[in-house]
Asker: 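Pasting in a structure now, in structure tokens, and then I'll have a few things to ask.
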Amino acid sequence: MKSMFVTVSTTSFDELIAAARSPPALQALQSRGYQKLVLQAGWGSLPQPQPSSSPAAAVEAFRFKDSLAEELQSADLVISHTGAGSCLETLENEKPLIVVINDKLMNHQLELAKQLHRDGCVLYCNCSTLVETMQSMNLSALKPFPPGQPEKFASFLNKVLGLQ
């Protein structure tokens, strides 16, 4: 069963949760072959089950879990707020990612989203353009996120501290 996971991590981003579970978003999801939507609402409002005119999409929601690793691993697509930790964890799990900018915040998020998009690793949008992004997304064009190289930082740090 193809699934999409929406996460806001430990923040509150009700607009993203509402946009992802709107009828047009569910229709876009189904038209792309996704049958399941999992919503992680964080400190925001936990969505109440709503009657669906289309039972083809199963919708689950929760506030927090000890780890989101299972959801990330089982997702075929992740839609996330633009928190650096959420973005990096998703990309390290080699999952296609759409990052959604919270226009109500000072927008360091936009800088991160634009850079990851320039690098070819993510698609990005805001809540008002999420459905359009879902309808037009070409996930096969996304590039893998390059793995980190902690040994370079360790070498630099050792040199600076005179340990090398």
Asker: Nearest 0.5 angstrom please: Lys36 NZ to Tyr34 OH, how far?
Answerer: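 Going from the NZ atom of Lys36 to the OH atom of Tyr34 covers 14.0 Å.
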Asker: Can a donor-acceptor pair be found between the side chains of Ser155 and Asn158 at a distance below 3.5 Å?
Answerer: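 No donor-acceptor contact under 3.5 Å links the two side chains.
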Asker: Drop me the distance from Cys127's SG to Asp103's CG, to the nearest 0.5 angstrom.
Answerer: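 Cys127 atom SG to Asp103 atom CG measures 7.0 Å (nearest 0.5 Å).
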Asker: For the pair Lys65 and Glu71, find out whether any cationic side-chain nitrogen is under 4.0 Å from an anionic carboxylate oxygen.
Answerer: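 Salt bridge between Lys65 and Glu71, a charged N being under 4.0 Å from a carboxylate O: yes.
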Asker: Please check if the side chain of Arg21 supplies one atom and the backbone of Leu26 the other of a donor-acceptor pair under 3.5 Å.
Answerer: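 No; zero donor-acceptor contacts below 3.5 Å.
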Asker: Please check: side-chain N/O of Gln109 versus main-chain N/O of Asn102, any donor-acceptor pairing under 3.5 Å?
Answerer: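 Present.
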Asker: Identify all side-chain donor-acceptor contacts of residues 91-100 below 3.5 Å with residues at least two apart in sequence or on another chain.
Answerer:
{"residue": "Asn93", "atom": "ND2", "partner": "Glu89", "partner atom": "O", "Å": "2.8"}
{"residue": "Lys95", "atom": "NZ", "partner": "Gln73", "partner atom": "O", "Å": "3.0"}
{"residue": "Lys95", "atom": "NZ", "partner": "Ala75", "partner atom": "O", "Å": "2.9"}

Asker: In terms of ring plane angle, is the pair Tyr124 and His117 parallel, tilted or perpendicular, where the classes change at 30° and 60°?
Answerer: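 If you compare the ring of Tyr124 with that of His117, the planes turn out perpendicular.
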Asker: Is it true that a side-chain atom of Glu70 and a backbone atom of Leu68 form a donor plus acceptor pair closer than 3.5 Å?
Answerer: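 Checking the backbone N and O of Leu68 against the side chain of Glu70, no donor-acceptor pair under 3.5 Å is found.
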Asker: Please check if the side chain of Ser3 supplies one atom and the backbone of Ser74 the other of a donor-acceptor pair under 3.5 Å.
Answerer: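 Yes, Ser3 side chain to Ser74 backbone: donor-acceptor pair under 3.5 Å.
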Asker: Indicate yes or no for a side-chain donor-acceptor contact from Ser9 to the backbone of Thr11 under 3.5 Å, with no hydrogens or angles considered.
Answerer: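 A pair under 3.5 Å: no.
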Asker: Going by heavy atoms in the side chains, are Leu16 and Ile79 under 4.5 Å from each other?
Answerer: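 Yes, at least one pair of side-chain atoms sits under 4.5 Å.
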Asker: Would you give the length of the straight line joining atom CD of Gln135 to atom OG of Ser31, rounded to the nearest 0.5 angstrom?
Answerer: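 Between Gln135 CD and Ser31 OG, I get 7.0 Å after rounding to 0.5 Å.
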Asker: For Gly44, is there any backbone N or O sitting under 3.5 Å from a side-chain donor or acceptor partner on Arg63?
Answerer: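 Yes, the answer is positive, given that a donor and an acceptor are paired below the 3.5 Å cut-off.
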Asker: Tell me every residue that passes ring-ring contact (aromatic ring centres under 6.0 Å, His included) with Phe156, counting only those two or more places apart in sequence or in another chain.
Answerer: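 Expected list: none.
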Asker: Does the side chain of Met4 reach to within under 4.5 Å of the side chain of Val6, using non-hydrogen atoms?
Answerer: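 In contact.
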Asker: So does Glu15 have more than 12 non-hydrogen atoms from other groups sitting under 6.0 Å from CD?
Answerer: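 For Glu15, atom CD is crowded (more than 12 foreign heavy atoms under 6.0 Å).
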Asker: Would you confirm whether Glu60, through its side chain, and Leu39, through its main-chain N or O, come within 3.5 Å as a donor-acceptor pair?
Answerer: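 The answer is no, because no donor-acceptor pair under 3.5 Å joins these two groups.
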Asker: Is any side-chain heavy atom of Leu116 closer than 4.5 Å to a side-chain heavy atom of Phe145?
Answerer: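 When only atoms from C-beta onward are counted, Phe145 and Leu116 do touch, with a gap below 4.5 Å.
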